[in-house]
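In what follows, chains are A, B, ... by sequence order, proteins preceding strands, each numbered from 1.
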Number of protein chains: 2
Amino acid sequence: MSAPAALAAKDPQERRRRILAAAIEVLEDKGFAGTRIADIAAVAGTSPALVVYHFKTLDGALAEALGSVEDDFYHNVSAATPPNADAVERLRILSYFASVGGPAMGTWALYMEVWVRALRDGGARAMRRAVDARWRHTLTELITAGIDEGSFRCVDPPASALRLAALMDGLAVQAALADMDVPDEEMNRLWLEAAAAELGIDRDLLLAPVTIRTSNKAASVSKTASHT
Amino acid sequence: MSAPAALAAKDPQERRRRILAAAIEVLEDKGFAGTRIADIAAVAGTSPALVVYHFKTLDGALAEALGSVEDDFYHNVSAATPPNADAVERLRILSYFASVGGPAMGTWALYMEVWVRALRDGGARAMRRAVDARWRHTLTELITAGIDEGSFRCVDPPASALRLAALMDGLAVQAALADMDVPDEEMNRLWLEAAAAELGIDRDLLLAPVTIRTSNKAASVSKTASHT
DNA sequence: CAGAATCCTGACTGATCGTTCAGGATCGGG
DNA sequence: CCCGATCCTGAACGATCAGTCAGGATTCTG
């Protein structure tokens, strides 16, 4: 419902990419259960048959869309991270992008659906495992880097990563469903406070106002995460 | 797939109750998306048409099943609570029944599905709101009772109830999905520790081993929640 | 430019399921 | 015993979709 259907791409690969983008859009809009091949085709401005032609099956398309969303997340994070950033800054950036109030809204809803599917579907379970492992690995690596720099204190990085990841999930559920309580904006702060306690970081240092550079198309939007 | 289909009940109301029980069983087994009228009918040992006759629609049946599950939870809790129980004991009992490792496993999966549905479906959103409100009200009332007894210290009972409820949700997600980390048995302990901190209760008092009397059919099962 | 590979489409198929319906069984009250 | 209400059933309807297929258009290759 956003792309002008008339604009057909010449390059087949570009067409494929558009379908994938359409799949992501519909997925975030209607969820797994509500996504139809016809919807994706309509948003992409093509025929349902072409979706099947490129992705062989609906589940295949959705799985690839999900993987694409995950890759985008890490890409955005690394694009926003200056080469010389220290561990504290990297932690802040990570928290910003992962927060529901941040750019990842909608993505969390997708992951929640994956969780539910993982209860019964083997493929979804494997996907969740992989996503979780990558996320915890990222945190663990960041923590050990912080220790090496001398700015973090932590006896068991993988365990701390697990706890912090779990907390983030719980907060995300609350924030995504909150009808009014647990405001989105608080998520970032709540998580960083917990991280400060977990990693022995000076609370004020971690929560100090920062500017995150996001590399969005066109203008480079910047947002300040201020400490209430 | 548990009830002998041949045993037909004479009383129509009893028949209806069996169908409801069948709906719960199938729901916990296959989830919302996977539950078919035919499945419920098969488990209940009747025809699909009778399911519709009694509940008018599949969604109606599922909604009533969900409500029944919730009622059962509170019924079980109050049945296991001695009339003279103090706030600390009531808190322990509540935690036991709500823990994923406890009797509520399967129920948590259902609620997770409700959460996801609540993202898009108005009815599910209302249901979640109601369930959440009842749960937080129960916690708030318990907290104020503990304050009156002089065993809890807490400046803002509703806020503490909110935080503890949120933590329980987050832990439930982790435990329900945990392939190995976050063992079920730890949930009870983790939550009680947090409650002890939140409510200013002596940690050892709250975590001391107890025996919960469950009023199950046939033998009265008892389980000791031991503090590692 | 010819032929093949790739890309694309509309029309169709086949399967799944919620729900309806016409009527049969059962039961309770008068 | 009779009659209406309630309870119950098998069969069928109709809607929804994922995926197929035969063939047309376009692009690539030699």
Side-chain angles (χ1 to χ4, degrees), chain A residues 1 3-27 29-66 113 117 120-121 123-124, chain B residues 1 3-27 29-66 113 117 120-121 123-124:
Chain A
M1 291 133 190
L7 279 189
K10 332 99 275 278
D11 182 13
Q13 284 311 306
E14 172 60 21
R15 217 94 149 41
R16 205 192 117 103
R17 253 174 276 132
R18 286 200 191 184
I19 293 175
L20 196 60
I24 294 173
E25 184 177 333
V26 177
L27 208 43
D29 187 33
K30 312 207 183 182
F32 271 89
T35 297
R36 310 268 156 261
I37 291 182
D39 297 329
I40 299 175
V43 172
T46 68
S47 69
L50 186 61
V51 177
V52 177
Y53 172 77
H54 275 302
F55 297 94
K56 200 63 195 166
T57 171
L58 175 59
D59 280 339
L62 298 186
E64 191 168 331
L66 217 48
E113 294 209 64
R117 288 192 140 215
R120 273 132 197 150
D121 177 63
Chain B
M1 290 144 185
L7 280 189
K10 327 105 271 277
D11 181 15
Q13 284 310 306
E14 171 61 20
R15 215 98 142 63
R16 205 192 118 102
R17 251 174 277 129
R18 286 205 193 180
I19 293 175
L20 196 59
I24 294 174
E25 183 177 333
V26 176
L27 207 43
D29 187 33
K30 313 206 183 185
F32 270 88
T35 297
R36 309 270 157 259
I37 291 182
D39 297 330
I40 298 175
V43 172
T46 67
S47 68
L50 187 60
V51 177
V52 177
Y53 172 76
H54 275 301
F55 298 93
K56 201 62 195 167
T57 172
L58 174 59
D59 280 339
L62 298 186
E64 192 168 330
L66 216 48
E113 294 208 64
R117 287 191 141 217
R120 274 134 196 149
D121 177 64

A.B. asks: If we fit an axis to the first five pairs and another to the last five of the helix from C:dC1-D:dG30 to C:dG30-D:dC1, what angle do they make, to the nearest 10°?
C.D. replies: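 Axis angle across the helix from C:dC1-D:dG30 to C:dG30-D:dC1, nearest 10°: 10°.
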A.B. asks: Measure NE2/A:His54 against P/C:dT6 and give the value in whole Å, please.
C.D. replies: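 Result: 13 Å.
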A.B. asks: CG of B:Asp39 versus P of C:dG18: gap in Å, rounded?
C.D. replies: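 One finds 8 Å between P of C:dG18 and CG of B:Asp39, rounded.
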A.B. asks: Kindly indicate whether the side chain of B:Asp11, heavy atoms from C-beta on, has any atom under 4.5 Å from the side chain of B:Arg15.
C.D. replies: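 They are not in contact (no side-chain heavy atoms under 4.5 Å apart), so the answer is no.
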A.B. asks: I'd like to check the side-chain contact (heavy atoms from CB on, under 4.5 Å) partners of B:Ala65; sequence neighbours left out, ordered by chain and number.
C.D. replies: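 Testing B:Ala65 for side-chain contact (heavy atoms from CB on, under 4.5 Å), a comparison that skips the adjacent residues, returns B:Leu20, B:Ala23, B:Ile24, B:Leu27.
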A.B. asks: Is there any salt bridge (charged side-chain N to carboxylate O under 4.0 Å, His left out) pair reaching into residues 38-66 of chain A, and which pairs are they, with sequence neighbours excluded?
C.D. replies: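 Passing the test, one end in residues 38-66 of chain A: A:Arg16-A:Glu64, A:Lys30-A:Asp39.
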A.B. asks: So does A:Arg15 get a side-chain nitrogen or oxygen closer than 4.0 Å to the phosphate oxygens (OP1/OP2) of C:dC8?
C.D. replies: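 Yes, within the criterion.
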A.B. asks: Not counting sequence neighbours, which residues clear side-chain hydrogen bond (donor to acceptor under 3.5 Å, both in side chains) with A:Arg36? List them please.
C.D. replies: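 With neighbours one apart ignored, the set is empty.
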A.B. asks: Using a cut-off of 4.0 Å between protein heavy atoms and nucleotide atoms, how would you tag nucleotides 15-25 of chain D 5' to 3' with B, S and -?
C.D. replies: --SSSB-----
A.B. asks: To the nearest Å, give me how far apart CD (A:Glu14) and P (D:dT26) are.
C.D. replies: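 Taking CD of A:Glu14 and P of D:dT26, I get 19 Å after rounding.
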A.B. asks: Could you give the CZ-to-P distance, from B:Arg16 to D:dT6, as a whole number of Å?
C.D. replies: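 To the nearest whole Å, that distance equals 15 Å.
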A.B. asks: C:dC7, OP1 or OP2 - any side-chain N/O from A:Tyr53 closer than 4.0 Å?
C.D. replies: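 Yes.
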A.B. asks: Which residues pass the side-chain contact (heavy atoms from CB on, under 4.5 Å) test with A:Ala41, not counting sequence neighbours?
C.D. replies: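 Residues passing side-chain contact (heavy atoms from CB on, under 4.5 Å) with A:Ala41: A:Thr46, A:Pro48, A:Val51.
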